[in-house]
Protein chains: 2
Amino acid sequence: MFEVTPESAETGKRRDAASDVKPLPMNPLSIKVACSNCNLRELCMPMGLKADELDKIEEIVAVRRKVKRGGRLYSNGERFTSLFAIRTGFFKTCITTEDGRNQVTGFQMAGEIIGLDGIVKEHHTCDAVALEDAEVCVMPFERIEELSREVAALQRHVHKIMSREIVREHGVMLLLGSMRAEERLAAFLLNLVQRLHARGFSQSELLLRMTREEIGSYLGLKLETVSRTFSKFVEEGIVEVKQRHVRIIDTEALKLIVNHNQQPC
Amino acid sequence: MFEVTPESAETGKRRDAASDVKPLPMNPLSIKVACSNCNLRELCMPMGLKADELDKIEEIVAVRRKVKRGGRLYSNGERFTSLFAIRTGFFKTCITTEDGRNQVTGFQMAGEIIGLDGIVKEHHTCDAVALEDAEVCVMPFERIEELSREVAALQRHVHKIMSREIVREHGVMLLLGSMRAEERLAAFLLNLVQRLHARGFSQSELLLRMTREEIGSYLGLKLETVSRTFSKFVEEGIVEVKQRHVRIIDTEALKLIVNHNQQPC
DNA sequence: CGGAACGTTGACACTAATCAATACCAGTGG
DNA sequence: CCACTGGTATTGATTAGTGTCAACGTTCCG
């Protein structure tokens with residue numbers, strides 16, 4: 001289980017994601033499986049485990065669960081029991097307030113862990129919506145805690161995942177607090193391709209799984225601004241955009257937009 | 001150790017913060033101490049511990065450390081070894097990028113835990129700056145991990161603290177992504193007094209420990225906008241402001257500003 | 001084919017940023 | 001004690017950047 005490490009690029013996508021699933025006689029929505037022959041193993045298992053430790057960790061993933069496009073993995077207020085490792089598909093997480101505000105707090109892809117928000121109150125505080133048909137490994141949190149009391153490497157891994165999420169959110173705060181529209185969108189695109197590339201996809205081409213409105217919500221912009229900014233990038237020859245297909249022509253230009261904050265000497 | 005729970009209000013501040021410190025013959029900047037007679041105990045210790053578990057947890061806090069106003073508890077890039085529980089004082093955490101961007105990611109007060117960002121990379125990714133003279137309990141992370149393998153209640157507590165930070169940051173993302181200046185400042189003030197009140201301070205009066213610029217950085221606004229928005233609140237009779245002294249006259253008005261997002265039916 | 005959801009583009013309004021001047025306050029040293 | 005200084009805060013005038021509203025185009029899917 002558990003997310004991407006920088007070194008572990010080039011995994012995923014090479015085999016059909018479902019090719020190593022041996023269907024067992026169970027609920028069709030929840031098939032028992034093993035981590036050790038999962039093609040995302042390198043993306044999300046702690047490294048350097050002894051054989052017996054590995055056996056134990058196998059037991060964490062109780063079942064898998066499929067979520068259809070538009071379906072919810074969990075919803076605000078729902079009781080928290082498990083973390084989820086995304087096997088295939090793409091999610092957004094978002095919070096909604098009573099007064100109708102809505103904020104996309106992140107987009108998650110294969111190999112990433114989702115559900116950490118639920119731990120504090122033992123209830124989820126946001127919604128996780130599948131943006132394409134998805135499958136996740138269900139990891140009961142009690143088991144994770146139990147096992148990470150026995151396996152220090154797992155414990156460390158869990159701590160790192162949570163800390164990584166905190167640091168990621170710091171980055172989003174920087175983006176929302178200090179960047180202009182172009183800078184936000186450039187940073188967003190670079191982040192997406194970087195993560196996709198770590199999963200074996202192209203460095204320059206990507207298929208957006210979300211609408212302009214969802215991008216806008218995540219970036220603190222209106223959908224029209226997102227659209228206009230895309231158009232601007234196209235005019236400048238930085239990207240090609242055909243609806244949700246994006247090809248990055250000039251990665252360096254995007255990086256300049258993000259980093260070339262005018263600096264007074 | 002470890003932060004505020006809603007129930008545990010009304011602690012702190014009643015005794016002089018240093019009154020239960022028995023100076024031992026050690027480095028003057030690092031005095032060995034016990035949690036069990038700390039006046040912040042109810043704010044930050046896991047509940048329902050057995051006596052022997054409590055004894056173990058005592059051992060986590062190795063030493064205390066004082067940080068002068070303007071000084072740094074830790075800096076970006078510095079090796080991560082410990083979490084810190086704030087005993088007295090007030091901190092900001094902020095990230096700075098090479099191109100000169102700066103973002104305050106949070107303000108922390110007594111009873112809160114600081115340093116979680118350092119776990120992933122084993123190096124800190126932000127700076128923690130004291131906004132007034134402060135004292136923290138140093139908790140070596142290796143010890144925390146060791147003990148939380150033995151004491152499930154502690155383990156759960158650590159997980160909750162990290163999850164709470166994630167949820168807090170979701171709230172900040174909502175603020176930065178969807179609120180206008182007045183809404184941001186109103187939400188900020190309400191959050192501050194709420195936390196101060198949980199520590200035994202007034203519900204209506206507060207002394208800002210940070211500059212307008214720091215508030216602005218946190219809220220994604222320029223200092224002039226923060227100042228103007230304060231003035232607007234004063235005109236409307238919602239608050240009184242004398243430099244860093246703020247008295248909240250009309251809490252409900254602030255709540256309305258935050259929540260009364262125009263709602264299409 | 002028709003409709004709904006999504007995306008693009010234009011005109012205009014408005015919020016917050018910028019630039020600039022002035023005021024306030026705490027601390028320092030004469 | 002006062003004057004001075006540097007950091008901080010307030011306020012005004014102006015502008016840049018997004019939001020808003022609206023019309024139209026595109027794509028997908030039943």
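Each chain gets a letter, A, B and so on, in the order its sequence line appears, and its residues count up from 1.
- Checked for salt-bridge contact, B/Arg72 and B/Glu78 miss the test: no charged N lies under 4.0 Å from a carboxylate O.
- In this entry the distance linking NZ of A/Lys232 with C1' of C/dG7 reads 19 Å, nearest Å.
- Comparing B/Val226 and B/Arg69 by the nucleotide of DNA chain C whose heavy atom lies nearest to each, the residue mapping closer to the 5' end is B/Val226.
- Contact annotation: A/Ser227 side-chain N/O to C/dT8 OP1/OP2 distance is under 4.0 Å.
- With C/dT8, D/dG19, C/dC19 as the candidates, the nucleotide lying closest to the side chain of A/Ser231 is C/dT8.
- As judged by a 4.0 angstrom heavy-atom cut-off over every strand, A/Gly220 is placed among residues touching the sugar-phosphate backbone only.
- In this entry the distance linking CD1 of B/Ile215 with C1' of D/dT8 reads 12 Å, nearest Å.
- In the set D/dG17, C/dA16, C/dG7, C/dG7 carries the atom at the smallest distance from any side-chain atom of A/Arg212.
- If you take CZ of A/Arg101 and C1' of D/dG19, they are 15 Å apart, rounded to a whole angstrom.
- The distance between atom CG of B/Leu221 and atom P of D/dG17, rounded to the nearest whole Å, is 17 Å.
- Of the charged side-chain nitrogens involved, none lies within less than 4.0 Å of a carboxylate oxygen, so that B/Glu169 and A/Arg168 do not count as a salt-bridged pair.
- A/Glu132 CD to A/Arg209 CZ: the interatomic distance, rounded to the nearest 0.5 Å, is 4.0 Å.
- Between A/Arg180 atom CZ and D/dT15 atom C1' there is a gap of 14 Å when expressed in whole angstrom units.
- OP1 and OP2 of C/dC6 both lie 4.0 Å or more from every side-chain N or O belonging to A/Thr211.
- Using modelled atom types, no side-chain atom of A/His124 and backbone atom of A/Ser75 make a donor-acceptor pair closer than 3.5 Å.
- Relative to the side chain of B/Glu224, the nucleotides C/dC6, D/dG17, D/dT11 differ in distance, and D/dT11 lies closest.
- Each of B/Met210 and B/Arg228 was matched to the nucleotide of DNA chain D holding its nearest heavy atom; the match closer to the 5' end belongs to B/Met210.
- In this structure, the CD atom of A/Glu182 is 12 Å from the C1' atom of D/dT18, given to the nearest Å.
- Going from atom CG of B/Leu176 over to atom P of D/dT18 covers 15 Å, rounded to whole Å.
- Across D/dA9, D/dT18, C/dT8, the shortest atom-to-atom separation from the side chain of A/Leu223 is found for C/dT8.
- Between A/Lys255 and A/Glu252 there is a salt bridge, since at least one side-chain N of the basic residue sits less than 4.0 Å from a carboxylate O of the acidic one.
- Distance, A/Phe230 CZ to C/dG7 P: 9 Å, rounded to whole Å.
- Comparing D/dT8, C/dG7, D/dT18 by their nearest atom to the side chain of B/Arg244 picks out D/dT8.
- Side-chain atoms of A/Gln243 lie closest to C/dG7 of the nucleotides C/dG7, D/dT10, C/dT9.
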